[in-house]
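Inspection log for the structure reproduced underneath, given as structure tokens.
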Amino acid sequence: MVAAFIGLVWWLVDNTVANLASQNVATGFGFLGNNTGFDINQKLIAYDETSSYQRLLLVGLLNTAIVSVLGILFATLIGFMVGLASLSDNWLVSKLAFIYVEIFRNLPLLIQILFWYVLLIEILPHPKKSFGLWEVFFLNNRGLYLPWFTTLPGGGYLLSVIGLFGAGCFYVARKARNMRELNGQTKAYVRNYILIGVICLGGYLSLWGVPFEANLPALKGFNFRGGLSFTPEFVALLVALSLYTSSFIAEIVRAGVLSVSKGQFEAAKALGLPSSVTMNKVIIPQALRVIIPPLTSQYLNLTKNSSLAAAIAYPELVSVFAGTALNQTGQAVEIIFITMSIYLFLSLLTSFLMNTYNARVALVEK
Amino acid sequence: MSGKHIIEISYLDKYFGDFHVLKNINLSVAAGEKIVICGPSGSGKSTLIRCINHLERHDGGDIIVDGVPLDDKVKNIDHIRSEVGMVFQQFNLFPHMTVLENCTLAPVWVKGIPRSEADALALQYLERVRIPDQADKYPGQLSGGQQQRVAIARSLCMQPRIMLFDEPTSALDPEMIKEVLEVMVDLAEQGMTMLCVTHEMGFARRVADRVIFMDEGEIIEENTPTAFFDNPQNERTKLFLSQIIGD
């Protein structure tokens, strides 16, 4: 049986290689070093038409990653809010949440992506007639432009200083919690957070000054240059993925909270626990064991659904690599193999992270 | 009514949709009084005590607990809940917390007392319900009787002046009923005001100052346990007693 299977695979591979060779199609991954010869409009790392396919792959992957990570973040936030809202005692709030869910989960995602895209490029004005706010924010059918900054020497340390600030806050928060448990002090430690912030900021400024200069978007030629810009493709995709997935997450959260027995709410009420403590300490910890596994599936779906962006030419992995690059090189087998491997890797990574988290929150009963 | 009553219920009405569960209930409970409420299933006895700590919202009439009127004001509801402890038929312990954590959650988060004090208090009450050695176990590891005693300790940790019991022994195996009732008798002897929905007639005879019989949302009869059991006045009471005693 096993031998037959190996034999079959061997025959398929051998046959493919032989056929490709007879048609003079080059095989192998050598093409990755060649120049792509085309530029793309959204890149998180340096890239131009003289860059290699390898570089293009990385650009596409990063574009997929950024829209997926942001999408997961927004979908989770909106999903939890809508999910909890649908359980609200307020008739209007719960009905609105219900309508939200039914609209966004029942329309095909591709249609939603196209809808937001068309909305953005049709409704918004040309660059010359952009919507402007205080002459630094601009919105037109080529994208959204925000003021940003350029890093001068020393600017690179900002991240480490922010990290230091985060660690300090974490320490204070833990200390505050311990103090609270030790002697019941309930006063906020806002003072301490501000102190840490001032120390970090002061230290940074005295060491490096202000190593940034403002980079404002300005109209040059036919469009805006400078600043931080988001293309309409990116915005449309992010909005569509976030809203679509959030409607599923809302239902998952609702189901999770409803899975906790009514007696738990009543016991918490009878003890006089405020509703925030009831949610955080009693209900959510029990709901999470029901929420996390399907939530993981939604994260995986969102990541894979980002490939639908090929329809609006957002330059993510499938669009630029399995699309343009494949057309140009004709290396279908290799490119599809690489693309599939990357999605598999991303999905397994997400699953692994979520399973680790799930193991941590799993209900300890015995 | 005089001020010595810790609970005053007057002209209480409650509906579930069109169903009139509680009809014009009047009941006053003195501090330290023990009341047993019995009656056939669906008579509204659980609903009555659930109204007292606002797990059910009443539709008409007044409930005054310890001088505070129970209305929709969150502050009043919170105050009353801090005075009133409740024990449920299904225990309703928090399964993801240890016994000790179950007992300290509310003292720490509602009253803001230090963890160490809350722990000490919890252990003291766990001792009183005779399970101090189970403090670090999870509810799922305990027997039903032990779980119900933890639930009683959890309520006591908030140091309430009134305890409500909603059929505390109905979900227990027969051999565990006694250990829970003993804890409740202890509590009664220490002077706690108690309202107890139960069909444990032995408990009622031993502890209750008054027994109240409810049927179809009304208080049909109330009397001292001896008079109630030995000489019931109303036909429905007689029928009910003959059914539960099973002649």
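This one's a predicted model, so the numbers in the text were calculated from it and none came from an experiment. Protein chains get the first letters and strands the later ones, always in sequence-line order, with residue 1 at the start of each.
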Next item on the list: Heavy atoms only, distances under 4.5 angstrom: which of B/R154, B/Q90, B/K111, B/K137 has the most pairs with chain A? Name it, please.
Entry: B/R154

Next item on the list: Identify which of B/I80, B/L55, B/D78, B/N53 forms the greatest number of heavy-atom pairs closer than 4.5 Å to chain A.
Entry: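 Heavy-atom pairs under 4.5 Å are most numerous for B/L55.
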
Tell me, for [X] versus chain A, whether the close heavy atoms (under 4.5 Å) come from the side chain, the backbone, both or neither.
X	value
B/V84	backbone
B/R50	side chain
B/I77	neither
B/F88	side chain

Next item on the list: Begin with the C-alpha distance, continue with both residues' side-chain angles, and end with the deciding distance and a verdict on side chain to side chain donor-acceptor pair (under 3.5 Å) for B/S46 and B/D166.
Entry: CA-CA 6 Å; B/S46 286; B/D166 189 1; 2.7 Å; yes

Check: Looking at A/V277, A/V260, A/L271, which makes the most heavy-atom pairs under 4.5 Å with chain B?
Finding: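 Looking at each of A/V277, A/V260, A/L271 in turn, A/L271 comes out on top.
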
Margin query: If we count only N and O atoms by modelled type, under 3.5 Å, do the side chains of A/T76 and A/Y299 hold a donor and an acceptor together?
Written below: yes

Item checked: Residues B/R115 and B/T104: side-chain donor-acceptor under 3.5 angstrom ->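 Yes, B/T104 and B/R115 have a side-chain donor paired with an acceptor closer than 3.5 Å.
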
Next item on the list: Measure the acute angle between the ring planes of A/Y100 and A/F104, then classify it against the limits of 30° and 60° as parallel, tilted or perpendicular.
Entry: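 If you compare the ring of A/Y100 with that of A/F104, the planes turn out tilted.
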
Notebook entry, point to check: Going by an N to O cut-off under 4.0 Å, is there a salt bridge joining A/E251 and A/R254?
Noted result: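 Salt bridge between A/E251 and A/R254, a charged N being under 4.0 Å from a carboxylate O: yes.
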
Check: Between B/R130 and B/E179, does at least one N-O distance fall below 4.0 Å, as a salt bridge requires?
Finding: no

